[in-house]
Engineer: 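Below you'll find the structure I mean.
Here, residue 1 is the first one in the sequence, and each next residue gets the next number.
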Amino acid sequence: MFVLRVKFKATAHRLGVLDLSSKEFTPQRLRALVSEYLPKKLDWAMSQRQDLDDLATLWEILGIDAVIRLENEAGENIRVGVSLLDNENKAQNLIYDLKGQVRTSLRHELGIEQYWVFVLRAKNYPSDEDWIDILYGEIDQPPTASGCRLIVL
């Protein structure tokens with residue numbers, strides 16, 4: 001999954017849609033959100049002596065692989081959280097967790113309007129051109145009631 005995350009972030013950066021470094025995503029703000037919504041994960045990270053001033057560490061604690069910003073066909077900019085998994089059962093479990101009150105509130109605090117969980121294998125990783133079709137095809141679909149969507153590639 002680490003390989004998928006790195007590849008996706010690089011692809012999203014090349015496509016100009018990566019939003020992880022938005023000025024509102026400061027270490028202080030993310031740490032405060034982790035402390036409020038995921039205190040057990042924060043305690044675990046502290047016990048592992050993880051760097052809580054590192055944005056990558058904080059995103060990992062939050063369980064968000066990437067945040068992208070896409071413009072839909074109506075011209076609206078939509079912030080989308082992304083997770084990438086290579087196992088459909090784990091992805092379905094993640095979707096179930098994402099629909100819970102804590103994760104919904106956390107997404108709201110981060111300004112994430114939709115959350116997509118992609119299921120794919122590293123060996124079948126799409127090209128940049130394919131990602132453009134995938135991402136813009138998905139953003140133009142009406143969001144689900146929860147805002148979360150499982151996408152099997």
Side-chain angles (χ1 to χ4, degrees), residues 1-72 74-87 90-120 122 125-126 128 131-132 134-136 138-151:
M1 290 186 291
F2 177 75
V3 171
L4 290 174
R5 266 184 257 157
V6 171
K7 280 184 163 188
F8 184 81
K9 285 180 187 176
T11 300
H13 179 72
R14 281 192 305 275
L15 297 177
V17 298
L18 189 64
D19 197 31
L20 280 177
S21 58
S22 174
K23 293 180 187 200
E24 63 189 272
F25 296 146
T26 64
Q28 298 80 11
R29 180 154 189 264
L30 294 182
R31 199 172 38 251
L33 291 173
V34 168
S35 178
E36 181 178 348
Y37 291 100
L38 304 168
K40 290 181 182 178
K41 285 192 173 200
L42 179 64
D43 291 343
W44 181 85
M46 289 172 33
S47 74
Q48 299 296 309
R49 298 180 184 248
Q50 292 188 10
D51 182 2
L52 299 178
D53 290 322
D54 178 47
L55 282 173
T57 300
L58 292 165
W59 284 114
E60 189 170 330
I61 294 168
L62 288 167
I64 299 172
D65 293 338
V67 177
I68 58 176
R69 185 176 293 275
L70 298 170
E71 185 176 317
N72 66 10
E76 303 165 322
N77 276 312
I78 298 172
R79 185 176 280 165
V80 180
V82 174
S83 287
L84 299 117
L85 297 168
D86 60 4
N87 180 296
K90 288 181 181 178
Q92 288 175 343
N93 289 338
L94 178 57
I95 288 286
Y96 178 77
D97 184 45
L98 288 168
K99 291 178 181 181
Q101 185 177 10
V102 169
R103 295 292 182 163
T104 299
S105 297
L106 184 57
R107 284 195 316 276
H108 178 72
E109 290 283 341
L110 292 168
I112 294 174
E113 297 174 57
Q114 295 186 36
Y115 202 98
W116 300 342
V117 178
F118 289 100
V119 179
L120 68 154
Y125 191 82
D128 287 4
W131 273 115
I132 290 170
I134 293 164
L135 296 175
Y136 284 99
E138 291 295 331
I139 200 64
D140 289 331
Q141 299 296 317
T144 62
S146 67
C148 301
R149 185 177 306 155
L150 178 66
I151 304 164

Engineer: About how many Å separate CG of Leu135 and CG of Leu15, when rounded to the nearest 0.5 Å?
Structural biologist: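 If I round to the nearest 0.5 Å, the distance is 7.0 Å.
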Engineer: If you measure only the distance, is there a donor-acceptor pair under 3.5 Å linking the side chains of Tyr115 and Ser83?
Structural biologist: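 Note: Tyr115 and Ser83 side chains meet the donor-acceptor criterion.
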Engineer: Got Leu58 and Pro27 here, is their nearest side-chain heavy-atom distance under 4.5 Å?
Structural biologist: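 Yes, side chains in contact.
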Engineer: So which atom in Ile139 and which in Trp116 form the shortest heavy-atom distance, rounded to 0.1 Å?
Structural biologist: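 Scanning both residues completely, I find the closest heavy atoms to be N-CH2, 3.6 Å.
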Engineer: Measuring only between side-chain heavy atoms, which start at C-beta, is Leu110 closer than 4.5 Å to Arg79?
Structural biologist: no
Engineer: May I ask you to test the Ile78-Leu70 pair for a side-chain heavy-atom distance under 4.5 Å?
Structural biologist: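 No, their side chains stay 4.5 Å or more apart.
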Engineer: Any heavy-atom pair between the side chains of Glu60 and Gln50 that's under 4.5 Å?
Structural biologist: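 Heavy-atom side-chain distance check fails, nothing below 4.5 Å.
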Engineer: Write down the atom of Leu98, the atom of Arg107, and the distance for their closest heavy-atom approach.
Structural biologist: O-NH1, 2.6 Å
Engineer: For a side-chain contact (heavy atoms from CB on, under 4.5 Å) check, start with the C-alpha distance between Leu62 and Trp59, then their side-chain angles and the critical distance, and finish with the verdict.
Structural biologist: CA-CA 5 Å; Leu62 288 167; Trp59 284 114; 3.9 Å; yes
Engineer: Might you confirm whether atom CD of Gln48 has over 12 heavy atoms from other residues, nucleotides or ligands at distances under 6.0 Å?
Structural biologist: yes
Engineer: Rounded at 0.5 Å granularity, tell me how far OG1 in Thr144 sits from CD1 in Ile95.
Structural biologist: 7.5 Å
Engineer: Would Ile61 and Leu52 satisfy side-chain contact (heavy atoms from CB on, under 4.5 Å), going step by step from the backbone distance to the final call?
Structural biologist: CA-CA 9 Å; Ile61 294 168; Leu52 299 178; 3.7 Å; yes
Engineer: State, with a plain yes or no, whether a side-chain heavy atom of Phe8 is found less than 4.5 Å away from one of Asp65.
Structural biologist: no
Engineer: Between Ile112 and Ile64, which heavy-atom pair has the shortest distance, and what is it?
Structural biologist: CD1-CD1, 4.1 Å
Engineer: How close do Ser146 and Lys99 get, heavy atom to heavy atom, and via which atoms?
Structural biologist: OG-CE, 3.5 Å
Engineer: How are the rings of Trp131 and Tyr125 set relative to one another: parallel (under 30°), tilted (30 to 60°) or perpendicular (over 60°)?
Structural biologist: tilted
Engineer: Donor-acceptor pairs under 3.5 angstrom involving side-chain atoms of residues 32-47: please list them, not counting sequence neighbours.
Structural biologist:
| residue | atom | partner | partner atom | Å |
| --- | --- | --- | --- | --- |
| Tyr37 | OH | Glu109 | OE2 | 3.4 |
| Ser47 | OG | Trp44 | O | 2.7 |

Engineer: Strictly distance-based, threshold 3.5 Å: is any side-chain N or O of Arg149 a donor or acceptor partner for the main-chain N or O of Gln114?
Structural biologist: no
Engineer: A side-chain contact here means heavy atoms from C-beta on lying under 4.5 Å apart; do Phe25 and Val67 qualify?
Structural biologist: yes
Engineer: Output the distance between atom NE2 (His13) and atom CG (Leu18), rounded to the nearest 0.5 Å.
Structural biologist: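 CG of Leu18 is found 7.5 Å from NE2 of His13.
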Engineer: Going by salt bridge (charged side-chain N to carboxylate O under 4.0 Å, His left out), name the pairs with one or both residues in residues 44-59, residues two or more places apart or in two chains.
Structural biologist: Arg31-Asp53
Engineer: Minimum heavy-atom separation for Ala91 and Leu85, please, with both atom names.
Structural biologist: CA-CD1, 3.4 Å
Engineer: With the side chain counted from C-beta on, respond yes when Glu71 and Asn77 share a heavy-atom pair under 4.5 Å apart, and no when they do not.
Structural biologist: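 Yes, side chains in contact.
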Engineer: Determine yes or no for a side-chain-to-main-chain donor-acceptor pair under 3.5 angstrom, with Arg103 supplying the side chain and Leu94 the backbone.
Structural biologist: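 It does not hold such a pair.
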Engineer: Could you check if a side-chain atom of Val17 sits within less than 4.5 angstrom of a side-chain atom of Tyr136, using non-hydrogen atoms only?
Structural biologist: yes
